[in-house]
S.K.: 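Sending over a structure as structure tokens; questions will come in a sec.
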There are 2 protein chains.
Amino acid sequence: MDEAFLHDCLFFTTNRLGRLITKIAEEEFASTGFSPMYAYLTRLVASSPGISQKELAEKLAIAPSTLTRFVDKLEMKQMVERRVQGKTVLVYPTDRGADMVETFREASNRLQERYEAVLGKDAADHLTTLLEESSDALERKH
Amino acid sequence: MDEAFLHDCLFFTTNRLGRLITKIAEEEFASTGFSPMYAYLTRLVASSPGISQKELAEKLAIAPSTLTRFVDKLEMKQMVERRVQGKTVLVYPTDRGADMVETFREASNRLQERYEAVLGKDAADHLTTLLEESSDALERKH
DNA sequence: ATATTTTAGTTGTACATGCAACTAATTGGC
DNA sequence: GCCAATTAGTTGCATGTACAACTAAAATAT
């Protein structure tokens, strides 16, 4: 059958891997009680207390509306706090949020070990670098 | 700020590129009236009339439930037809579906040209191959 | 100083996607 | 031949994600 068009398409192959690795990531983060993106958001906030939502959305490469809802949820679970400052919203970690950072780091490490065990460390690094560079290029040259 | 953990994480970098390229793909397919995944599903059905939903889900690397809903929508728009055969469902292209295949192929080509213009043809090919191989490896060694 | 434009954030809505639980059909063991 | 186990598909629900339209604040132009 003619299905080469799928395997040759960057849209398809990227999202296929995205679905696979998201599943693995969710497994490794399950014990933390948070999804990987929430964990990463918490880590960003903890490492830059008072960071604005705009910056967070940029760093996480998600739409502002998506970020609003993520922060809503983390605030409800008392992981972060909002402080409105004019038209911007500054986000701070709570004690609970700060306490979780180490747990999240451990889950990240387990995730990394897990895919490196399958792909090999060098191949995984190489792929990650290429993905990062490609995203940067596509964002720049829109 | 300490944000290396994002750029070093295959989960994050893959999904970031996924979001970017999905947006571009949706732009290029917009004129067809269908999202890229629906177009690809139609192409698979047209190139294998009578293919089962199970096979379609496998080839598209999506969950069976997701495929059910995609086929629902394509059937409503009279792009494909279901024929139940025992416990399996065979999917056939309608005339309209078959007629759209060329339009979808053109959109795929525009998409490919567009990201190759930014990334370079060789780099895009290389990345696509790596993504494909990595997905295969992760699926096998789960 | 006021009016216009830009910027940050939120909310409503839509869609892709998956999991768990379910139904129905087939297969395999005895 | 019947019962158990497997398989294919569907449905209900939850979640991540985006866009468009909106509000409110800040910056800019006149």
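Throughout, a chain's letter reflects where its sequence line sits, starting with A, and its residues are numbered from 1.
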S.K.: Under the rule for side chain to side chain donor-acceptor pair (under 3.5 Å), what residues qualify as partners of A/Lys54, not counting sequence neighbours?
M.R.: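 Testing A/Lys54 for side chain to side chain donor-acceptor pair (under 3.5 Å), a comparison that skips the adjacent residues, returns A/Glu58.
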
S.K.: Are any of the side-chain nitrogens in B/Glu75 or B/Lys73 under 4.0 Å away from the carboxylate oxygens of its partner?
M.R.: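 Looking at B/Lys73 together with B/Glu75, the answer is no, because their closest N to O distance does not fall below 4.0 Å.
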
S.K.: Take B/Leu131 and B/Leu127 through the test side chain to side chain contact (heavy atoms under 4.5 Å, CB included) and record every step on the way to the result.
M.R.: CA-CA 6 Å; B/Leu131 287 167; B/Leu127 179 55; 4.0 Å; yes

S.K.: Of the nucleotides C/dT10, D/dG9, C/dT17, which has the atom closest to the A/Gln53 side chain?
M.R.: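 The answer is C/dT10, which lies nearest to the side chain.
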
S.K.: Less than 4.0 angstrom between a side-chain N/O of A/Lys23 and OP1 or OP2 of C/dT17, yes or no?
M.R.: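 No, no such contact exists.
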
S.K.: I'd like a table of donor-acceptor pairs (distance under 3.5 Å, sequence neighbours excluded) in which one partner is a side-chain atom from residues 36-44 of chain A, with atom names and distances.
M.R.:
from: A/Thr42; atom 1: OG1; to: A/Tyr38; atom 2: O; distance (Å): 2.8
from: A/Arg43; atom 1: NH1; to: A/Ser108; atom 2: OG; distance (Å): 3.0

S.K.: Rounded to whole angstroms, how far apart are CZ on B/Arg19 and C1' on D/dC19?
M.R.: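 Rounded to whole Å, this separation is 15 Å.
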
S.K.: Please state how far atom CZ in A/Phe34 lies from atom P in D/dT15, giving the value in whole angstrom units.
M.R.: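 Distance check: A/Phe34 CZ to D/dT15 P gives 13 Å.
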
S.K.: Tabulated below should be each protein N or O lying under 3.5 Å from an N or O of nucleotides 20-29 of chain C; please produce it.
M.R.:
from: C/dA25; atom 1: O3'; to: B/Lys87; atom 2: N; distance (Å): 3.3

S.K.: Atom CG of B/Leu20 to atom P of D/dG16: distance rounded to whole Å?
M.R.: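 It is 20 Å, rounded to the nearest whole Å.
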
S.K.: For B/Arg82 and D/dT10, is the shortest distance between a side-chain N/O and OP1 or OP2 below 4.0 Å?
M.R.: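 The answer is yes; a side-chain N or O of B/Arg82 sits under 4.0 Å from OP1 or OP2.
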
S.K.: Mind calculating the distance between NZ (B/Lys73) and C1' (C/dT17) to the nearest angstrom?
M.R.: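 Between C1' of C/dT17 and NZ of B/Lys73: 12 Å.
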
S.K.: For A/Leu67, report the nucleic acid contact type (base, sugar-phosphate, nothing); a contact means any heavy atom under 4.0 Å.
M.R.: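 If one applies the 4.0 Å heavy-atom cut-off, A/Leu67 turns out to touch nothing in the nucleic acid.
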
S.K.: Given C/dT17, C/dT11, D/dG9, which nucleotide is nearest the side-chain atoms of A/Asp72?
M.R.: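 Selected nucleotide (nearest to the side chain): C/dT11.
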
S.K.: Who are the side chain to side chain contact (heavy atoms under 4.5 Å, CB included) partners of B/Ala107, not counting sequence neighbours?
M.R.: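 B/Ala107 satisfies side chain to side chain contact (heavy atoms under 4.5 Å, CB included) with B/Phe29, B/Thr32, B/Arg110 only.
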
S.K.: Using Watson-Crick pairs (N1 to N3, plus N6-O4 or O6-N4) and G-U wobble pairs, both distances under 3.5 Å, which stems of at least 3 pairs involve DNA chain C?
M.R.: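 Expected stems, ordered by start: C:1-30 with D:1-30.
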
S.K.: Output the rest of the hydrophobic cluster of A/Tyr92: all Ile, Leu, Val, Met, Phe, Trp and Tyr residues reachable through side-chain heavy-atom contacts under 4.5 Å, sorted by chain and number.
M.R.: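 In the cluster with A/Tyr92 are A/Leu90.
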
S.K.: How long is the line joining CG of B/Leu60 and P of D/dG9, in whole Å?
M.R.: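 Between P of D/dG9 and CG of B/Leu60: 13 Å.
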
S.K.: Touch check for A/Ser35, heavy atoms < 4.0 angstrom, all strands: base, sugar-phosphate only, or nothing?
M.R.: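 Touches sugar-phosphate only.
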
S.K.: Looking only at side-chain N and O atoms, does B/Thr66 come under 4.0 Å of OP1 or OP2 in C/dT17?
M.R.: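 For B/Thr66, the contact criterion (side-chain N or O under 4.0 Å from OP1 or OP2 of C/dT17) is not met.
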
S.K.: Take the protein atom CD of A/Glu58 and the nucleotide atom C1' of C/dA8, then report the distance between them rounded to whole Å.
M.R.: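 Result: 11 Å.
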
S.K.: Could you list the residues that satisfy ring-ring contact (aromatic ring centres under 6.0 Å, His included) with B/His7, not counting sequence neighbours?
M.R.: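 None.
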
S.K.: Grab the CD-P distance between B/Glu75 and D/dG9 for me, whole Å please.
M.R.: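 Going from CD in B/Glu75 over to P in D/dG9 covers 13 Å.
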
S.K.: Choosing from D/dA8, C/dG18, D/dT17, which nucleotide comes nearest the side chain of B/Ile62?
M.R.: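 The closest nucleotide is C/dG18.
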
S.K.: Quick one: hydrophobic cluster around A/Val101, which other residues, with the 4.5 Å side-chain cut-off, linked directly or via members?
M.R.: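 Reading the cluster by chain and number, A/Val101 sits alone, since nothing else belongs.
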
S.K.: Measure across B/Pro93 and B/Ala98 and return the closest heavy-atom pair with its distance rounded to 0.1 Å.
M.R.: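 That would be CB-N, 4.4 Å.
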
S.K.: Between atom CG in B/Leu41 and atom P in C/dC15, what is the gap in whole Å?
M.R.: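 Going from B/Leu41 (CG) to C/dC15 (P), I get 17 Å.
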
S.K.: With a cut-off of less than 4.0 Å, is there a side-chain N or O of A/Tyr38 near OP1 or OP2 of D/dT15?
M.R.: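 Result: no.
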
S.K.: Could you give all pairs that pass the salt bridge (Lys or Arg N to Asp or Glu O under 4.0 Å) test and reach residues 9-18 of chain A, with sequence neighbours left out?
M.R.: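 Listed by first then second residue: A/Arg16-B/Glu132, A/Arg16-B/Asp136, A/Arg16-B/Glu139.
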
